[in-house]
Amino acid sequence: MKVATVLAGLVGAAVAGPPNIVMFLADDIGWSDFGYFGMDLYGATPTIDYLASQGVKLSCVYGQTACTPGRAAFLSGRYPIRSGLQNGAISATQKKGLFTSFSLVSNELKKAGYNTAMVGKWHVGCAAWEQMPTWRGFDAFLGLVCNGQMGFYTKKNDNYYDLWEDASMDTNTSHLDQTVRVSEVYDGMAMEFIRRQSSNVPFFLYYAMQDPHTPLTAPDYFLEEYPCSQLSADSSRQTYCGMMRCIDTSVDSVVSALSDSGFLGNTLIVFSGDNGGAPKNGGYNWPLRGSKGTLHEGGVRQASWAWGMMLGDSVRGTTYDGQIHLVDFFPTFMSVATSGKWPGIDGLDGMNVWNAISTGSDSPRTETLLNAVGDSGGIRVGDYKLMYNQKTDGWYSHPDGTYESSYIAQHWAKPSVAKMNTNFSSAKDDNNNNNGPMLFNVVNDPYEYTNLYGTTSSDGTDYDAIASDLMERLNVYISEQVDYQYMSDKYDGASSNAASTGYWGPWAGEYLSGNAVPSAQQRK
């Protein structure tokens, strides 16, 4: 599809009624891995690049450090500390997941009259049926439910399938065909859902991609095409490039279905990652510091953008630098869906950032919890960011040595090539003390070159006072967190059930006893 031609036909199109909403959430995508960054993947994401150029590039969306926490944050509008999901990906053998007492964005949009569907990776609980997507506000579902990954062609994890359609094991032979990539199956379901809709009922589509997460797998035809063909010196990066082509193909498929069905002019599309890229798996966040699993900007700042005819003309083609967190998309979508009339629900950490995105005004978010696990964590307040008891990390260049970025050159100062591939995980350097407190001004120093903690400012800024204030705020969240070990026991029942049925899936019954907000004694 020629997306430029399609979008050109929408100029001046009237937007009537509640908008349809499409949310793409990619898995382990690097912050600078869209083609529009002008790095080594330039040309890999043409549809995304054009949509972002005609919408708003969101340069400061914060996610989490891993898959489960990021998805939980978006779906619930709450920081993962509220459900004990802050310590990384959950296992199919655990009972933990998003508390079923939480109303998710899908539940609330359904209450607002939306048809709802999800395709892709769930990964926020599957032990009991009440944790499954169709019990959590989705009318339709196709995807993997229990694990963080499965074979893109085998649809299996550890010899068992993890592919479900609605509330049933997916036994469709065309879906299980090992010559068919699962992203193609998801694209087909997403397009079918869109084409079934009517113009008088709005819809919400949540497309939770596994790409570009491991196992690194991409079709040969993408690897043989530019720009992936130019990256053969690094097989991981080349395959990752092919997976980025798969992501762009999925976005193109959805946009095509929206256009063909007459829905595109009244649809808001948002794209984000869940956590930072992992250089060992081909994903890069250069020039941001760090990688997946860390609280450095490269570990938690997400590749993100928004497109829709309801965006103000003044913001089209711009980059928005205000703070946003994945939790904010829940109340933002609800505001858009109800023309600002959603009454809200108690306990959300998310904020409505629609006015900020659509007009370019200041973000209502001035404080962002990056994470809290036990007595460690990170927080950003205003321009400053504190990391406490956190492992530190360095900077990773793209494997072909690409240091220059047209996108970065337009918005930020030129990064230091001297910092390339410097990893502080096992050494102290430049005052970047390993595991000690780290304070950065991430507006003036987005690359986190200079740890200000314990230093003296030449202009009189009291860094000790700033660090103390941020630590005080972080300690509030630390005191509020649900113990990350809550409901973390692993059970043989999951594997036994999978061996019996051939599928990972619910194994603990219809309802999960204790899957609710824990008592104060169960909090850390």
Side-chain angles (χ1 to χ4, degrees), residues 1-3 24-30 32-37 39-51 67 119-121 142-144 147-157 161-163 165 170 172-192 194 207-257 271 273-274 277-284 303 398-400:
M1 181 193 69
K2 296 294 185 181
V3 67
F24 291 102
L25 191 65
D27 201 348
D28 287 9
I29 190 170
S32 55
D33 281 339
F34 288 138
Y36 66 70
F37 276 88
M39 307 289 275
D40 60 337
L41 298 190
Y42 180 76
T45 55
T47 298
I48 285 174
D49 295 346
Y50 194 80
L51 287 168
C67 317
V119 294
K121 176 176 169 178
L142 177 65
L144 70 158
N147 294 285
Q149 65 180 47
M150 67 179 178
F152 284 93
Y153 289 95
T154 66
K155 291 85 175 180
K156 292 181 178 181
N157 182 292
Y161 290 111
D162 194 1
L163 190 64
E165 184 166 10
D170 189 349
N172 187 319
T173 55
S174 64
H175 292 177
L176 300 181
D177 185 337
Q178 295 194 17
T179 67
V180 177
R181 198 174 192 271
V182 74
S183 57
E184 299 173 35
V185 178
Y186 294 160
D187 292 350
M189 189 275 191
M191 297 170 73
E192 179 185 347
I194 291 169
Y207 196 143
M209 301 166 166
Q210 183 180 327
D211 284 302
H213 193 288
T214 53
L216 298 182
T217 311
D220 288 342
Y221 52 82
F222 281 150
L223 303 183
E224 295 165 358
E225 293 177 354
Y226 180 86
C228 306
S229 60
Q230 310 301 306
L231 303 174
S232 58
D234 186 289
S235 60
S236 293
R237 185 63 171 173
Q238 183 182 38
T239 304
Y240 182 95
C241 175
M243 298 173 86
M244 292 297 293
R245 294 287 291 118
C246 290
I247 287 175
D248 196 71
T249 298
S250 295
V251 173
D252 189 86
S253 296
V254 169
V255 172
S256 294
F271 189 112
D274 56 356
K280 68 178 182 178
N281 296 326
Y284 288 84
H398 295 77
D400 72 342

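Because the structure is a prediction, the values reported are computed rather than measured.
A distance below 6.0 Å separates the ring centres of F34 and F271.
Considering all non-hydrogen atoms of both residues, P212 and I247 come closest at CD-CD1, 3.7 Å. Closest of all the heavy-atom pairs between I29 and A303 is CG2-CB, 4.4 Å. Between A190 and V119 the shortest heavy-atom distance is N-CG1, 4.2 Å.
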| said: As a quick check of understanding, evaluate side chain to side chain contact (heavy atoms under 4.5 Å, CB included) for E165 and H175, giving each step before the final call. | reply: CA-CA 10 Å; E165 184 166 10; H175 292 177; 3.9 Å; yes
| Stepwise side chain to side chain donor-acceptor pair (under 3.5 Å) test for T214 and N281 | CA-CA 7 Å; T214 53; N281 296 326; 4.9 Å; no
| said: Would D40 and Y284 count as a side chain to side chain contact (heavy atoms under 4.5 Å, CB included) here? Give the steps. | reply: CA-CA 10 Å; D40 60 337; Y284 288 84; over 6 Å; no
| Given D187 and Y207, is the side chain to side chain donor-acceptor pair (under 3.5 Å) satisfied, shown in steps? | CA-CA 9 Å; D187 292 350; Y207 196 143; 2.5 Å; yes
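Between R245 and P46, some side-chain heavy-atom pair lies under the 4.5 Å cut-off. Side-chain contact between M191 and S253: present, with at least one pair of heavy atoms (C-beta onward) separated by less than 4.5 Å. Counting only heavy atoms from C-beta outward, the side chains of P219 and L223 never approach each other to under 4.5 Å. Looking at N172 and V185, their side chains never come closer than 4.5 Å, going by heavy atoms from C-beta outward. When side chains are defined from C-beta on, P215 counts as touching Q149, because their heavy atoms get closer than 4.5 Å. V255 has its side chain within reach of L51: a pair of non-hydrogen atoms, C-beta onward, lies under 4.5 Å apart. Counting only heavy atoms from C-beta outward, the side chains of M209 and L25 never approach each other to under 4.5 Å. Within the 4.5 Å cutoff, no side-chain heavy atoms of Y42 are placed close to those of P227.
One distance of note links SG of C67 with NZ of K121; it measures 3.0 Å at 0.5 Å rounding. Between L216 atom CG and R237 atom CZ the span is 11.5 Å, to the nearest 0.5 Å. Distance check, rounded to the nearest 0.5 Å: CD of Q178 to CZ of F152 gives 14.5 Å. Taking CG of L144 as the reference point, atom CG of N157 lies at 8.5 Å (rounded to 0.5 Å). Atoms OG and OH, from S183 and Y153 in turn, are 7.0 Å apart once rounded to the nearest 0.5 Å.
For the 3.5 Å distance criterion, the side chains of D248 and T45 fail to qualify, holding no donor opposite an acceptor. A side-chain donor from one of Y240 and D33 sits under 3.5 Å from a side-chain acceptor of the other. With 3.5 Å as the limit, one finds a donor-acceptor pair spanning the side chains of D162 and N147.
One N or O on the side chain of Q238 and one on the backbone of C228 form a donor-acceptor pair closer than 3.5 Å. When atom types are taken as modelled, the side chain of S250 and the backbone of C246 share a donor-acceptor pair closer than 3.5 angstrom.
None of T217, T249, D211 except one satisfies the side-chain hydrogen bond (donor to acceptor under 3.5 Å, both in side chains) rule with R181; the exception is D211.
The side-chain tip of K155 does not point at the ring of Y161 from less than 6.0 angstrom away and within 45° of straight on.
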